[in-house]
Amino acid sequence: MLDELYWEVHHLVLDLADTRNEIRSAPRGSDAIYAVPCFLHAKIQGENPVKSAEEFAERWNKIIHGDDPLSQTHQRWFPNSVIQRFEASRGYVNVFVDQKALHTRILKDLLDYGEEYGHYPKLNKTMVVDYCSPNIAKPLSVGHLRSTIIGQALINILRAAGYRVVGINFMGDWGTQFGKLLYAFEQWGNEKKLEDEPIQHLLELYVRFHKEAKENPALEDEGRAAFKRLQQGGEKERALWQRFRESSLEAFEKTVARLGVKFDHNWFESEFEERARELVDELLAKGIAEESEGAIIIRFKPLWPGKPPEPPPTQSPLVIRKSDGTTLYPTRDLASAVERIERFQPVHRLLYAVASEQTLYFSQLWNALEEMRKKGFFKHAKINQPGILEHVRFGMVSLPTGKISTREGRIVYLDELLDEAERRAQEIIKEKNPDMPKDARAQVARKVGIGAVIYADLSQDRIKDITFEWSKMLSFDGNSAPYLQYAAVRCAKILEKAKSEDRERLDTLNEQDIPALAEELKEPESVKLLMHLGRFPQAIAEAAERYAPHVLASYLYDLAVLLSRFYTQVPVLKAETDAARLARLELVEATGRVLRKGLALLGIETPEEM
RNA sequence: GCCCCUGUAGCUCAGCAGGAUAGAGCAACGGUUUCCUAAACCGUAGGUCGUGGGUUCGAGUCCCGCCAGGGGUACCA
């Protein structure tokens, strides 16, 4: 409903044709819903802004009240307008609406759409989202958390916004690091240990390799050589690699399941080895790639002309085949991008939820794909717009002691974090709700603890670096997942305690009942809550547009705050009249639904009780 | 050297394409539980929006310089 209102105002504002159309929210304390600044228009016209605002207010009032030639058209386009009047104020035109009519419309939307409220119609546009994509030679650390959580939230949000979305987890099961592991296992490996605790053992080997390589750089060559043998199909190497891969995979899947993440596709880097090799030849043949110092590279144009005496700065080239003839991660990734484009066509965007340290790399990949597109590389798929690739980057996670490094053992494992989250949640439940039975407690602790971890990440702008701190990651008060879950649980419990005849009336509400409900929601707490519910669709749209889950997170936080205020100020079950009780129950029901839904979009479950 | 990102209250962060008095949480201090779970609510205190210029009727927001922190910079992924 609110988007409709926004468009109506927008339509009128086109009147200020010579300026950018601006619709701002009204200042706090005002009853207006929007404010339109007229300064720019006034300036261009050489008028006084205060006077311009007055003129526009008068004009628009005439239009909506039927005293203007444009009135007919306007009323045809916006037959259900809830705008009441326009009022000029210090250079702004404030927009006032018929509150009751607006509330009725919002309630109607909430009732009509039910569980689907906030969802947009299907767009027929496909987004392919790359996320998680771990290197499976080592265990998941908190560093992998961001990509996984952000990617999953984005997928959910984009789906709600109407996109067709394909989520891909591109597993790093190939590359020099496996050569290093093969070599390390040959040198220091223990057959039994690999059998019993494979992950632990692989990690030890990985760390040891890098420690020894520091003293003896020749080991790096040994690693590369072992990878080359693997790549050429050495039997011994293949067999061992398979074992490494399987045990890593098993551990990986267990951990990721705890986050409630499900991938549409698990793709493996190793599966793109052959295509990557072919791709190099094709790129050479098309003149997109070239030979340099024994390697095959894609060279890029200078970023800008530069200052004459010095050479123009160029983006470093992308190496796609090493001088020893083997491919690299970028080659396989590029091959995989080609596959994504052709297989899921027509693809609107290829999104990559990957840390910002890879910014340069993705810029290279972007340029490479652009070059390929221009040279007609994509035969089967149509790519209409340039810039199909979008790097959804996020800041680094570091520990108070410094950058995360598996090699140097400076790391917090994801499982360790999730265990701790659940443990702390258990403690708090024991304290706050001692009567809860033990098995229920474990379930609730899982949802609350893991929810807290997810929310801690998603509630802030992706781009910012995070210094990992237990207290922050596992916050259970204030702006945190448990606060939102608590609010949702309160809603559910109120409904549970409502009399069955009330619940029945709620379930059988129809259109004629709605104005009466709106009439009952008089208290400022109720009205603010209802108005905020009306903004849910826009929160989803903005989060999708900006690839920004935190937009949705902060919407939900505001909603929970408004619910909490409502909850402490306005009695529901003990409302003065039947009519008021019913209206408030409906409000509580809708709020609970939106909170639950919004949390689910972020990948956070809501417990039944807490 | 060059490129990218970040800098808002003691701490952690919001602030959407510049708009009417900069908002939260945590921490601090004070208050609220015979009443739908106090993981809550209300109040007090706390800000030269890193810094210096510029554009503008108007700048936390845009442009330039500088400072600080982080990341990246051809055969790792």
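Every chain is numbered from 1, with letters handed out A, B, ... down the list of sequences.
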Ignoring hydrogens and angles, write down the donor-acceptor pairs under 3.5 Å from the side chains of residues 447-458 of chain A, residues two or more places apart or on other chains.
residue  : atom : partner  : partner atom : Å
A:Tyr455 : OH   : A:Asn479 : OD1          : 2.6
A:Asp457 : OD1  : A:Arg146 : NE           : 3.2
A:Asp457 : OD1  : A:Arg146 : NH2          : 3.1
A:Asp457 : OD2  : A:Arg146 : NE           : 3.2

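The minimum heavy-atom distance between A:Ser270 and A:Trp174, with the atom names listed, is CB-CE3, 3.6 Å.
Remark: A:Arg565 is in phosphate contact with B:C42, judged by side-chain N or O atoms under 4.0 Å from OP1 or OP2. Taking 4.0 angstrom as the limit, A:Lys464 places none of its side-chain polar atoms (N or O) nearer than this to OP1 or OP2 of B:U12. Between A:His550 and B:C16 there is no side-chain polar atom (N or O) within less than 4.0 angstrom of OP1 or OP2.
Set against B:C4, B:C16, B:A40, the side chain of A:Arg24 has B:C16 as its closest nucleotide. When distances run from any side-chain atom of A:Asp477 to the nucleotides B:C13, B:A20, B:A40, the shortest one goes to B:A40.
Sorted by first and then second residue, the salt bridge (charged side-chain N to carboxylate O under 4.0 Å, His left out) pairs involving residues 352-368 of chain A (not counting sequence neighbours) are A:Glu357-A:Lys403.
Legend: residues meeting salt bridge (charged side-chain N to carboxylate O under 4.0 Å, His left out) with A:Glu422, ordered by chain and number and at least two apart, are A:Arg258. By the salt bridge (charged side-chain N to carboxylate O under 4.0 Å, His left out) test, A:Lys228 is found to be paired with no residue, residues two or more places apart in sequence or in another chain being considered. With sequence neighbours left out, A:Tyr361 forms a ring pair (Phe, Tyr, Trp, His ring centres under 6.0 Å) with no residue at all. Shown here are the salt bridge (charged side-chain N to carboxylate O under 4.0 Å, His left out) partners of A:Arg581, two or more places apart in sequence or in another chain: A:Asp502, A:Asp578. The salt bridge (charged side-chain N to carboxylate O under 4.0 Å, His left out) test applied to A:Glu290 returns A:Arg299, not counting sequence neighbours. Every residue was checked against the ring pair (Phe, Tyr, Trp, His ring centres under 6.0 Å) condition with A:Tyr183, not counting sequence neighbours, and none meets it.
Remark: the A:Glu293 side chain and the A:Ser323 side chain contain no N/O donor-acceptor pair separated by less than 3.5 Å.
Looking at A:Asp221 and A:Arg224, a side-chain N of the basic residue comes within less than 4.0 Å of a carboxylate O on the acidic one, giving a salt bridge.
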Tabulate atom names and distances for all N/O pairs under 3.5 angstrom spanning the protein and nucleotides 31-36 of chain B.
residue : atom : partner  : partner atom : Å
B:C36   : O3'  : A:Lys497 : NZ           : 3.3
B:C36   : O2   : A:Leu573 : N            : 3.2
B:C36   : N3   : A:Val572 : N            : 3.1
B:C36   : N4   : A:Tyr567 : O            : 2.6
B:C36   : N4   : A:Val570 : O            : 2.6

For nucleotides 61-63 of chain B, list the nitrogen or oxygen atoms of the protein found under 3.5 Å from its nitrogen or oxygen atoms, one pair per line.
none

Sub-3.5 Å pairs of nitrogen or oxygen atoms, protein against nucleotides 21-23 of chain B:
residue : atom : partner : partner atom : Å
B:U21   : O4   : A:Arg28 : O            : 3.2
B:G23   : OP1  : A:Arg28 : NH2          : 2.4
B:G23   : O5'  : A:Arg28 : NH2          : 3.3

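With hydrogens and angles ignored, a donor-acceptor pair closer than 3.5 Å exists between the side chain of A:Ser292 and the base of B:A74. Residue side chain A:Gln460 does not reach the base of B:A14 through any donor-acceptor N/O pair under 3.5 Å, judged by distance alone. Residue side chain A:Asn94 reaches the base of B:A20 through a donor-acceptor N/O pair under 3.5 Å, judged by distance alone.
Classification of the A:His10-A:Tyr6 ring pair by plane angle, with boundaries at 30° and 60°, yields parallel. The aromatic rings of A:Tyr92 and A:Phe39 stand perpendicular to each other, their planes meeting at an angle above 60°, with 30° marking the opposite boundary.
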Here RNA chain B, pairs taken as Watson-Crick or G-U under 3.5 Å and shown with ( ), [ ] when crossing and | when to another strand, reads (((((((..((((.....[...)))).(((((.......))))).....(((((..]....))))))))))))....
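Stacking between A:Tyr92 and B:A20 is shown: the ring centroid lies under 5.5 Å from the centre of the six-membered base ring, and the planes differ by under 30°.
Residues A:Thr327 and A:Asn479 each lie close to RNA chain B; by heavy-atom proximity, the contact nearer the 5' end of the strand is made by A:Asn479.
Remark: A:Arg245 qualifies as a cation-pi partner of A:Phe268 under the 6.0 Å distance and 45° angle criteria applied to the six-membered ring.
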